[in-house]
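Below: the structure, in structure tokens.
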Amino acid sequence: MKFSLHAKDLSSKARAGELETAHGTIQTPIFMPVGTAGSVKAVHQRELKEDIRAQIILGNTYHLYLRPGLDILAKAGGLHRFINWDRPILTDSGGYQVYSLASTGRKINDEGVAFKSHIDGATHFFSPEKAIDIQRTIGADIIMAFDECTPYPCEYGYARKSMDLTHQWLDRCCKRFDETTGHYGFSQTLFPIVQGSTFKDLRTDSARRIADAGREGNAIGGLSVGEPAEVMYELTEVVCDILPADKPRYLMGVGTPANILECIALGVDMFDCVMPTRNARNGMLFTTEGIINIRNEKWNADFSPIDPNLPGYVSGYYTKAYLRHLVKAGEMLGAQIASIQNLSFYLWLVTTAREKIIDGSFSEWKTSILPTLMRRL
Ligand code: PRF
């Protein structure tokens with residue numbers, strides 16, 4: 001993997017770069033649509049490429065390991081081949097999903113985490129070594145270290161203990177990763193994850209420790225878990241200022257359009273979040289003109305396009321009134337159109353941010369566009 005910086009904003013810490021992987025080059029800052037179980041919900045791979053212009057998607061170790069399972073993924077020749085996606089993929093390690101999805105009957109110790117499958121209740125065990133082995137078999141370009149994501153709020157004592165455990169697990173992840181090779185003839189890279197809850201001193205310690213691991217990219221976890229946005233920005237800034245500038249920084253599970261622009265301004269290069277797809281399925285649309293609840297009565301005879309300013313096909317082709325009808329009627333096409341709209345918007349957002357960083361107008365653009373993007377229509 002190779003990361004190169006192409007431009008830096010003068011009035012913020014925003015950067016525009018390029019990340020080369022075995023499955024192609026990603027232009028940063030980038031948003032990565034979440035394809036949890038081998039599918040970005042309600043969206044075809046062709047739409048992801050051609051309409052949404054996704055450059056990299058995410059998969060989840062936890063889900064893929066439980067279903068379809070490693071046997072099938074190995075037989076398919078890895079996740080890229082299984083799902084027919086030839087662009088980059090990143091997999092999360094399971095360190096977060098084990099906490100958010102398998103919360104009952106979970107037992108954590110130094111060795112790893114025992115948890116019950118949310119599908120059939122069967123008990124499984126993830127260790128740092130196992131999380132690496134599984135991600136070798138899944139075969140994503142970028143794989144994540146096994147961590148513990150603390151909840152919010154979190155007591156200082158627990159946050160410190162948990163962070164230390166994440167650091168110990170990182171050493172084990174790195175060792176396993178460096179002792180093994182990719183299964184499918186291309187190389188993978190491992191990103192470690194900063195933790196430390198909402199405590200500046202812990203975040204500082206963790207960021208130094210993660211930087212010292214000397215991997216090709218670094219991630220920030222444990223944020224956007226319920227803390228106020230200002231707290232998230234403050235800690236993101238503390239961490240970004242410590243993580244090496246010449247490597248990509250990935251802020252996990254973030255966020256709203258405002259969160260993304262603010263964190264780009266702090267030096268974050270990569271984002272993922274279920275918000276565009278999950279909210280789409282509930283009828284909440286992100287558009288270049290503001291946020292729309294398409295279930296609202298006011299759209300019932302609005303025959304204007306969903307979003308006239310986006311380049312993708314669905315945004316200009318379908319009307320708000322038609323999409324409202326589909327969503328109200330529970331038609332599956334409603335979820336499809338809304339998901340494509342929201343992801344097109346998120347990719348437009350980061351692509352435009354990148355253009356503005358390069359042409360030197362990012363900060364002014366951010367300030368002028370945010371009220372429009374976040375207003376409720
Ligand atoms: N750790 C991992 N994945 C994550 C997170 C984390 O802390 C978050 C927190 N926002 C989202 N996804 N492994």
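Since this is a predicted model, take the numbers as computed values, not measurements. Start at 1 and go down the list; that is how both ligands and their atoms are numbered.
With hydrogens and angles left out, the side-chain atoms of Asp307 and Gln341 include a donor and acceptor closer than 3.5 Å. In this model, a donor atom of one side chain and an acceptor atom of the other lie less than 3.5 Å apart for Asp201 and Tyr156. Between the side chains of Tyr250 and Asp272, a donor-acceptor pair is found at a separation under 3.5 Å. Between the side chains of Gln97 and Tyr65, no donor-acceptor pair of N or O atoms lies under 3.5 Å.
Paired with His80 under the rule ring-ring contact (aromatic ring centres under 6.0 Å, His included), one option of Phe186, Trp85, Tyr184 passes, and it is Phe186.
Taking 4.0 Å as the cut-off between side-chain N and carboxylate O, Arg15 and Asp9 do not count as a salt-bridged pair.
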Distances for all N or O pairs of ligand 1 and the protein under 3.5 Å?
| residue | atom | partner | partner atom | Å |
| --- | --- | --- | --- | --- |
| ligand 1 | 1 (N) | Asp147 | OD2 | 2.7 |
| ligand 1 | 3 (N) | Asp92 | OD1 | 3.4 |
| ligand 1 | 3 (N) | Asp92 | OD2 | 2.6 |
| ligand 1 | 7 (O) | Gln195 | NE2 | 3.0 |
| ligand 1 | 7 (O) | Gly222 | N | 2.7 |
| ligand 1 | 10 (N) | Leu223 | O | 2.6 |
| ligand 1 | 10 (N) | Met252 | O | 2.9 |
| ligand 1 | 13 (N) | Asp92 | OD1 | 2.9 |
| ligand 1 | 13 (N) | Asp147 | OD1 | 2.8 |
| ligand 1 | 13 (N) | Asp147 | OD2 | 3.3 |

